[in-house]
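For the numbers below, each heavy atom of this structure counts, side chains included, while hydrogens, waters and symmetry mates do not.
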Amino acid sequence: MAKKTNSELFASLLYIIIGVLLVIFRSETLGWAMTIAGIFFVVSGILDLIKKNWAGGAVSIIIGIAILVLGWVLTGIVLLVLGILIAIKGVVALIDAFKKSDKNALDILFPVLTVVVGLMLAFGNGLDIMIIIVGVLLAIDGVLGLIGSLKK
């Protein structure tokens with residue numbers, strides 16, 4: 001049972017550390033993750049080439065270089081498209097909410113929030129806000145896990 005507790009303790013501490021890093025550094029952590037992923041693919045590709053796995057190695061290296069070179073450009077495009085689609089979904093939901101005869105405040109509030117989140121993702125700092133929320137949730141999960149593993 002001690003091994004499980006140590007594993008839970010380590011995972012909880014790791015969640016807290018990652019959560020705090022996400023809150024402090026926000027979208028910079030996404031850049032770090034893309035850089036690490038790109039390096040991982042390049043190294044994996046080189047190791048495949050050493051093992052004479054030519055096709056797999058070449059594909060891994062190309063993916064790694066693409067992530068390293070195009071990572072932020074592609075992320076920006078994805079966030080723009082995703083944000084616009086989310087905003088459109090919010091507008092459609094808002095129109096549907098106004099058509100309802102028995103609408104309440106929540107029927108209007110959620111579509112409006114959806115439009116705001118979509119526009120923030122597409123044109124603002126929505127990514128930072130989402131990363132902060134994920135970081136806070138990870139840190140809270142880590143603290144709760146830490147408390148739980150220390151009680152055992």
Participant: With rounding to the nearest 0.5 Å, note down the distance linking CD1 in Ile18 to OH in Tyr15.
Facilitator: 8.0 Å
Participant: Heavy atoms only: give me the nearest Leu68-Thr35 pair and the separation to one decimal.
Facilitator: CD2-O, 3.6 Å
Participant: Find out if a path of hydrophobic residues (ILVMFWY) with successive side-chain heavy-atom gaps under 4.5 Å connects Ile65 to Leu70.
Facilitator: yes
Participant: Considering residues, nucleotides and ligands other than Lys103, do more than 12 of their heavy atoms fall under 6.0 Å from its NZ?
Facilitator: yes
Participant: Working to the nearest 0.5 Å, report the span between CG of Asp96 and CG of Asp107.
Facilitator: 10.5 Å
Participant: Could you list the donor-acceptor pairs under 3.5 angstrom formed between side-chain atoms of residues 128-144 and any protein atom two or more places apart in sequence or on another chain?
Facilitator:
| residue | atom | partner | partner atom | Å |
| --- | --- | --- | --- | --- |
| Asp128 | OD1 | Ser27 | N | 3.1 |
| Asp128 | OD1 | Ser27 | OG | 2.9 |

Participant: Is there a continuous path of hydrophobic side-chain contacts, each under 4.5 Å between heavy atoms, that joins Phe123 to Ile88?
Facilitator: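 Yes: a chain of side-chain contacts under 4.5 Å links Phe123 to Ile88.
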Participant: Sequence neighbours left out, cut at 3.5 Å: what donor-acceptor pairs do the side chains of residues 36-62 make with other protein atoms?
Facilitator:
| residue | atom | partner | partner atom | Å |
| --- | --- | --- | --- | --- |
| Asn53 | OD1 | Gly56 | N | 3.2 |
| Ser60 | OG | Gly56 | O | 3.1 |

Participant: Please say yes or no: joined through hydrophobic side-chain contacts below 4.5 Å, possibly via intermediate residues, are Met34 and Leu82 part of one cluster?
Facilitator: yes
Participant: If you take all heavy atoms of Val115 and Val91, which pair is closest and at what distance?
Facilitator: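 So the minimum-distance heavy-atom pair works out to CG2-N, 3.5 Å.
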Participant: Please say yes or no: joined through hydrophobic side-chain contacts below 4.5 Å, possibly via intermediate residues, are Val92 and Ile84 part of one cluster?
Facilitator: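 Cluster IDs for Val92 and Ile84 match.
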Participant: Establish whether Ile95 and Val117 are linked, either directly or via other cluster members, by ILVMFWY side-chain heavy-atom contacts under 4.5 Å.
Facilitator: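 Shared cluster, no.
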Participant: Measuring from atom OG1 of Thr29 to atom CG of Leu21, what distance do you get when rounded to the nearest 0.5 angstrom?
Facilitator: 8.0 Å
Participant: Is there side-chain contact between Leu94 and Phe110, with at least one heavy-atom pair below 4.5 Å?
Facilitator: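 Of all side-chain heavy-atom pairs linking Phe110 with Leu94, none is under 4.5 Å.
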Participant: Donor-acceptor check, side chain of Thr114 to backbone of Gly90, threshold 3.5 angstrom: yes or no?
Facilitator: no
